[in-house]
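Below is one structure, written out as structure tokens; the observations come after it.
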Amino acid sequence: MYSFSPKLKSTSIILLVVGLVLFAIGFFMNKGLTTEKIEHMMEAVHASGHTAPMHSSEMVGPQDHAAHLEHAELQVHNQPLASLHFVAVFFFGVSCAVLFFYCIQHAAHAGWPIIITRVMEAIASYIPYGGAILIIMMILNITHNGHLFHWMDPELTDPESAHFDVILFEKKRFLNIPFYAIRTIIYVAGASFFAWKLKAQSKKVDETKSKVEYQFLYRWAVGYIVFFGFASAAWAWDWLMSIDPHWYSTMYIWYSMVSCLSSGIAVIILLSVYLKKNGFLPQFNDNHLHDLGVFLFATSMLWTYTWFAQFMLYWYANVPEEVNYFFGRFQHYSPTFLPMLIVNFLLPLLVLVSSSIKRNYKVVTVMAVVVILGHILDYFNMVMPGTVGPYWKTPEVFVLVLGSILFVVGLFMFTVLTALSKLKLIPTGNPYLHESEIYEYPF
């Protein structure tokens with residue numbers, strides 16, 4: 001039985017509190033920015049020669065100085081909510097992707113990962129808490145206390161308005177506030193239900209050691225795979241791609257999901273190695289580590305494929321409505337956009353390509369941390385350009401982003417390790433447990 005150490009508990013609470021304090025400081029710094037200050041920021045951006053629009057809304061409606069200033073004010077005041085949004089969506093996606101990985105193993109009747117079953121269940125315990133943050137943010141947006149999704153502005157779908165946007169008018173059957181709110185609740189409630197049900201069924205298998213109950217666990221796992229397949233695609237549309245609803249990509253849903261899946265496997269590695277090194281999970285060995293390393297390497301390469309396929313096809317086609325998404329990032333987010341390929345692709349490729357290196361605890365653990373940080377940066381690049389635009393190189397954004405990351409990481413640590421302390425680490429009722437205990441990679 002794992003015991004949540006007081007030291008780690010204090011660390012998670014400190015991260016949570018420090019994150020809240022930093023976020024509050026950044027929030028008040030942002031609210032203190034006057035119209036005159038924002039106008040100076042806008043003029044500095046225009047004077048730099050980088051004039052590529054960061055959002056499709058900038059190309060619709062009046063194009064005079066007043067309109068540009070209005071856009072700039074909205075983007076600057078989006079900083080607090082945008083900073084929390086990308087972190088909240090990322091960690092919710094990570095916990096859901098871990099549950100997806102867990103269900104794939106059960107659906108495939110895989111024996112090797114049974115030792116880390118409870119690790120994956122504990123990570124999935126974050127889902128309702130991460131979902132609660134997203135529902136609160138959804139309420140802020142639909143009540144117009146947040147402006148991350150400009151399609152929520154009723155003027156844009158009013159044919160009599162000077163800001164009328166015909167593309168959003170055509171899309172309003174899907175992109176409308178009531179349907180968006182319902183979908184968000186379905187994603188959160190559905191994922192939370194499956195996380196609870198799968199944990200409860202797994203516990204029942206342990207108690208009864210019944211193959212009939214294990215069959216029910218298998219069926220619920222298949223059910224979640226189906227739910228995740230549809231929901232992860234739809235929340236990528238809703239929470240990420242609809243930030244810039246003029247732009248679209250057929251690869252985006254896979255791209256955003258694989259980013260979370262790769263990070264989820266990295267989190268599994270970190271937690272499993274932590275339990276191993278502290279004597280709580282001695283059954284975990286370098287063969288299990290090797291296979292997790294294989295998945296970490298494979299998902300990193302799959303992420304690279306989806307990133308490149310999305311980017312290269314659009315860039316080569318050179319369709320203005322599509323390529324603008326990337327061009328604005330080249331101009332305004334050059335320190336983060338392409339450099340993230342180093343941590344998300346190049347480092348995993350160079351380090352994890354060797355089979356023997358995947359058995360090295362230190363190397364694989366370091367790479368797991370690198371992958372998580374790289375994909376947090378990836379989500380930063382998904383959300384911030386369309387919400388904050390070029391106004392991100394400011395002290396307020398640094399404080400807000402750091403505060404958001406520390407807060408969510410602290411909450412994630414606290415909920416996951418608390419859940420783990422309530423679980424029996426070895427699933428003794430699972431019929432594949434012995435196979436996992438004696439598992440040895442043949443090469």
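All values derive from a computational prediction rather than experimental measurement. Along the sequence shown, the residues carry numbers beginning at 1.
Note: Phe326 and Phe337 have tilted aromatic rings, judged against thresholds of 30 and 60 degrees for the angle between ring planes. Aromatic ring orientation, Tyr214 versus Tyr432: tilted (interplanar angle from 30° to 60°). Between Phe284 and Tyr361, the ring-plane angle classifies as perpendicular under the 30° and 60° cut-offs. Note: Trp151 and Tyr180 have perpendicular aromatic rings, judged against thresholds of 30 and 60 degrees for the angle between ring planes. Ring orientation note: the planes of Tyr224 and Phe227 are tilted relative to one another, at an angle of 30° to 60°.
Remark: Asp286 engages Arg359 in a salt bridge (charged side-chain N to carboxylate O under 4.0 Å, His left out) (not counting sequence neighbours). Listed by chain and residue number, Tyr2 satisfy the ring pair (Phe, Tyr, Trp, His ring centres under 6.0 Å) test with Phe280 (two or more places apart in sequence, or in another chain). Among residues two or more places apart in sequence or in another chain, the ring pair (Phe, Tyr, Trp, His ring centres under 6.0 Å) test is passed with Tyr218 by His109. Thr418 meets the side-chain hydrogen bond (donor to acceptor under 3.5 Å, both in side chains) test with no other residue; sequence neighbours excluded. Legend: residues meeting side-chain hydrogen bond (donor to acceptor under 3.5 Å, both in side chains) with His147, ordered by chain and number and at least two apart, are absent. Looking at residues two or more places apart in sequence or on another chain, you find a side chain to side chain contact (heavy atoms under 4.5 Å, CB included) between Ser12 and Phe4, Met413, Phe414. Remark: His375 engages Ser259 in a side-chain hydrogen bond (donor to acceptor under 3.5 Å, both in side chains) (not counting sequence neighbours). Considering only residues two or more places apart in sequence or on other chains, Phe174 meets the ring pair (Phe, Tyr, Trp, His ring centres under 6.0 Å) condition with Phe179. Looking at residues two or more places apart in sequence or on another chain, you find a side-chain hydrogen bond (donor to acceptor under 3.5 Å, both in side chains) between Thr184 and Trp239.
Among residue pairs with one or both ends in residues 102-120, those qualifying as salt bridge (charged side-chain N to carboxylate O under 4.0 Å, His left out) are Arg118-Glu121, Arg118-Asp206; sequence neighbours excluded. Residue pairs satisfying the salt bridge (charged side-chain N to carboxylate O under 4.0 Å, His left out) criterion with at least one member in residues 288-317, sequence neighbours excluded, are absent. The list of ring-ring contact (aromatic ring centres under 6.0 Å, His included) pairs with a residue in residues 122-141, not counting sequence neighbours, reads Tyr126-Phe412.
Side chains of Phe228 and Cys96 form a contact here, defined as non-hydrogen atoms less than 4.5 Å apart. Between Tyr187 and Ile182 there is no side-chain heavy-atom pair separated by less than 4.5 Å. You'll find the side chain of Gln283 stays beyond 4.5 Å of the side chain of Ser436, heavy atoms only. With contacts defined as side-chain heavy-atom distances shorter than 4.5 Å, the pair Met367/Leu347 qualifies.
Taking the six-membered ring wherever Trp is involved, the centroid distance between the rings of His85 and Phe380 does not fall below 6.0 Å.
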side-chain contact (heavy atoms from CB on, under 4.5 Å) between Val383 and Leu148, worked out: CA-CA 9 Å; Val383 172; Leu148 298 186; 5.7 Å; no

